[in-house]
Every structure is written in structure tokens, then in C-alpha cells.
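Just so you know, ligand 1 is whichever comes first in the structure, and atom 1 is the first atom listed for that ligand. By convention here, the first residue in the shown sequence is residue 1. Bear in mind that the values here come from a model prediction, so they are computed numbers and not experimental data.
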Amino acid sequence: MPELESFSLDPASPADWAAVRAQGHRMLDDLFDHLSRLRERPVWQPIPPEVRAAFDEPLPSAPVALAEAHGRFMDQILPYAVGNTHPRFMGWVHGGGTVEGMLAEMLAAGLNANLGGRDQMPLEVERQTVRWMRDLFGFPATAGGLLVTGSSMANLLGVLVARTRTLGTLSRQTGVAASADGPRLVAYAAESAHGCVAQAFSISGLGTQALRRVPVGADHRLDLAALQAQITADRIAGLRPFLVVGTAGTVDTGAVDDLAAIADVARREGLWFHVDGAFGALGMLSPEVAPLLRGIERADSIALDFHKWGQVPYDAGFLLVRDQADQLAAFASPAAYLSRHPRGLAAGSPWPCDLGPDLSRGFRALKVWFTLVTHGTDRLGAAIAQSCRLAQRLRARIVAEPTLALLAPVTLNIVCFRYLGPPGARGLDAAATDHLNAELVADLHESGLAVPSTTTLGGRTAIRVALVNHRTTAADLGVLLDAVLRLGARRCRPCPAESALLVETTP
Ligand SMILES: *Cc1c(COP(=O)(O)O)cnc(C)c1O
């Protein structure tokens, strides 16, 4: 056993410190090389079985050298990630990250701050973020906010704040079941709302049946007449409407619900108005995009992600609440070991642990702060506007290409389309086209050239391109479309005009 006096996990001698420092420089250099040469790599590649198996080994009792662990990172982890830093990653809605964000993560880890509470400058960095978001969305000085993992968590917390506000703080003791005597709570969100909103109803004990799914119109936005009719019907049935969720940037098509009109309904009906702005809300940073979000400033709470259009490295979600008192009412709890004092390290209440469920919390605010100050909102807003302009450019090319069909209007940065088969070929039926497009997207992934994802719109499989990465250019869209047409034609081989298309399936 080591001596009690000398044992720690730090390097033992000045020479050991020097070795770690040199290795650290090599690790940083490798990441700079990686980020500055992303285009030379495939966006994604399948994980070889032996690489996967390398991470199925026994718990190590003896140490390996830092250099060896780093070597394994470079060889076995880095090449087989999702690839969302790559300019031709266009799948799902993933942010690209920045080099400044990466460096901030390193600084935050070195400080190893715990942002549950106490009187420390890192909390002032988070509070600065809250005030910035308060001002960006035109919220009053009473507003509160909290950095969380992502919008799934921010939406859940928004539902919990609205629930406690409606049932009263006593409901935290009596539980949701006790309110079963009173009228049952019901809430509203469009069919196009993200799955995590329904999940929030499951987790919160309200039940997913308490979330009414309101139909959308041809524009993929919440149908306001249907919303009003459902609320009226629910009141007649003796239920208690308490919350309406609007989406600023739906995950499927990027549609933005009419937030101003939903705010009107919420005011008239006395409902809490929550906005899921996971990626779209930060469109406020762009003068071109912000007008599409009109009405968001009237929300009672907003969920958003800095790790999507904000380009902050994962994870960095955020909840903004119009009145911090509602947030405190939902989450603050007394605990002897968390008692506050007017001075010393236990000063500075309220703490983040009073505003959400987490006690120990990392210093997410540092990478958010670094990203905002080192780029400024003009540049971050320009990156957001660029995504939208690229989406319009892609839309125009799809409309002009006879073998492609646009499947949804393009509002922000998401383009949904499908490949119909090579020119001159006899048409495929809808189910075969669904299959063809799903296989084609997998082909694209395996080609490493470009990574879109799929979704289902009106029952049909769509190729979905979500432009979020600040590194994506018009030339990257060209590579994507060329690959779609080339790999699509290859998959339909042989396809003489007079024969039915033969869609190959992956063996
Ligand atoms: C991404 C997304 C979410 C979920 O956010 P996470 O950060 O992945 O938890 C919720 N709603 C919308 C509209 C999204 O795009």
C-alpha cells in the first residue's frame, strides 16, 4: 500500500508532471488537427467488430499510461463517432461545436466546479447566461433560468413548473394522485411536437393521455381552430386545461407554430404557455429569423438548446421561466446540509439546486459563455441565417430536379424530400419508394459522403436534411445531391425504361 502521507492520484514528481504536460500538449494538438481537417474524413463509418470488442474488457485494476489511453481514443473512439462536427453531417438536429467550446470544456474540467450552489464566481457566469437569455427573449427582471442537459429535460421541467403552479405547492406533498378528486389536468401540443413533450407527461405522473395532440395544417403548424375546439370540449367534459405547448422549429420539418396566436389562446383560457424552442428559439440571434418567432416573448417558459444552433459542445440545454418564483415553488426544498448563511461560502441564495432537480451540476455555463463572447451574437446569428439560406438553396435544387420531390415547406433549416427513381424509369409505388429512400439514406451513411436522416411525413418516408452545422457550405449540398442521385440510380439498377424498377435490398 502507498504511504498515507504521499498518496494521491496526481503525478508523483516534477518529472511525472512534465510527462503529463507533454502528453497533454499532444492530445490538444491531435484535436486541433482533427477539427482543422474534418473534410478529409468520412462523415461516419461503421464500427469494425474488433474495435467494438476492444471495449468489452474487464474492469482494470492496474493503470495504463496516459499515452496509451490517448492512443486508444485516437484509434478506436474518434474515428467511429456520429460525425456531427463534419460539414456534411445533416442528420437529425445536431450542433457542430466549436474549438472555443472545446477549450472551455477543458478549463471547466480543470476547475472541477460543482454548480449546485454556494458563493462562487462560476455561478455568476451561469447567472449572466440567464440574464442574457432573459434579455434576448424580452422577459422581465423576475425571470429565472437554469442550464440543464438538453431540451428533453428543459421541457420536462417546464411541465413540472406549470403543474405545480396549477395544483399549488401543497401538491408537492400530497402528490398528483391526490388531485385526482378534482378535475383532471389536460394540456395541448401539436401532433408535430417532439416526443419528449409526451415523455414529460409520462414522467410527471400526469400521464400521456393528459396531453392532447392537436392536428396540424398543410403548413405543418398547430391548427388553432382545432386547439380552441379541443379546449372547449375538454371544459364541457369537466376537465381542467392548464398548459399549451408551442414549438419554435419542429423536429420533422422546422415549422414554427403561430406563437403569437397561441399566446392569445393561452391568455384567454388562462393556460401556461410553454415554448419548445430546442433549436429554433436561438433564431432570435438572427435578424432574418427572429421575425418568424414572433410571440415567443409572451411565453411563460421556454426550452432551448445551446448545443444545437448555438454550436456549444454537448450538453447544454436551457430552461427560461418568466417568473423565477414559479421555478422556486416547484423545486426548492429545505435540507440541513444545504442551509444558507448570509456570509461565507454558503451565501448567495437562491442556488441552482433550488431551481431544478439536480444538486451536483457541472460548469456548462463556461462553454456557453466562451461561445457567446468569443463569437458574439452577430456571428452566431449569421451562422443560423446561413443554415436557413442553405436550406432554401437546397429546396430550389430539389424542386428543379425531376427525380426528386419536396415533401414539406421549408421554413427554417430543415428540408424533407424523396428520391423517385432514375430518369425515364417507370414509377415505383409508394411503399417501394419508401423502402428505396430508407435504403438510400443508409447507403449515404455508409458512403461516408453525407449524412442526412429519415422521417415519416404523411405516412411516407422522407430524406430529412437538417442544416445546423456552421461549417456546411453550398458545395456540401452539391456533394449530398450528387450522391443521392448517383447512389439512388445504382440502387435501382437494372432499370431500363420499359421494365419495372428493381430495388435492391441490402444483403
Ligand atoms: C432536439 C429537440 C428536443 C430534445 O432536445 P435534447 O436536447 O435532444 O434533449 C426537443 N424538441 C425539439 C423541437 C428538438 O429539436
* Asked: Atoms of ligand 1 less than 4.0 Å from D305 heavy atoms?
  -> 5 (O), 6 (P), 7 (O)
* To do: Can you sort out which atoms of ligand 1 are near G150, meaning under 4.0 Å from one of its heavy atoms?
  => 7 (O), 9 (O)
* Structure fact -> Rounded to the nearest 0.5 Å, the CD atom of E126 sits from the CZ atom of F363 at a distance of 8.5 Å
* To do: Mark up the atoms of ligand 1 that fall under 4.0 Å of a heavy atom belonging to G249, in ascending order.
  => 13 (C)
* Please state which part of V93 comes within less than 4.0 Å of ligand 1, counting heavy atoms only: side chain, backbone, both or neither. => neither
* **Pair listing, salt bridge (charged side-chain N to carboxylate O under 4.0 Å, His left out) test, anchored in residues 186-197, at least two apart** => none
* Asked: So which of T454, T461, D434 actually passes side-chain hydrogen bond (donor to acceptor under 3.5 Å, both in side chains) with R418?
  -> D434
* Would you say Q392 has more than 12 foreign heavy atoms packed within less than 6.0 Å of its CD? -> yes
* Looking only at distance, does S151 have an N or O less than 3.5 Å from an N or O of ligand 1? -> yes
* Can you measure from CD1 (I414) to CG (D252) and round to the nearest 0.5 angstrom? => 8.0 Å
* Asked: Of all residues at least two apart in sequence or in a different chain, which pass the side-chain hydrogen bond (donor to acceptor under 3.5 Å, both in side chains) check with Q120?
  -> none
* Would you find more than 12 non-hydrogen atoms of other residues, nucleotides or ligands less than 6.0 Å from R471 atom CZ? -> yes
* In ligand 1, which numbered atoms sit nearer than 4.0 Å to a non-hydrogen atom of A278? -> 2 (C), 3 (C), 10 (C), 11 (N), 12 (C), 13 (C), 14 (C), 15 (O)
* For F279, counting its heavy atoms only, list the atoms of ligand 1 lying under 4.0 Å from any of them. => 15 (O)
* Structure fact -> If you scan protein heavy atoms around atom 11 (N) of ligand 1, the nearest is D276 OD2, 2.7 Å
* Structure fact -> Closest to atom 8 (O) of ligand 1 (heavy atoms only, candidates H94, M153, K308) is K308
* Could you say whether the N/O atoms of H307 and ligand 1 ever approach to under 3.5 Å? => yes
* Using a strict cut-off of 4.0 Å, indicate which atoms of ligand 1 neighbour a heavy atom of S152. => 4 (C), 5 (O), 6 (P), 9 (O)
* To do: Have a look at ligand 1 and work out which part of C196, if any, has a heavy atom under 4.0 Å from it: side chain, backbone, both or neither.
  => side chain
* List the closest protein heavy-atom neighbour of atom 10 (C) of ligand 1: residue, atom name, distance to the nearest 0.1 Å. => H194 CG, 3.3 Å
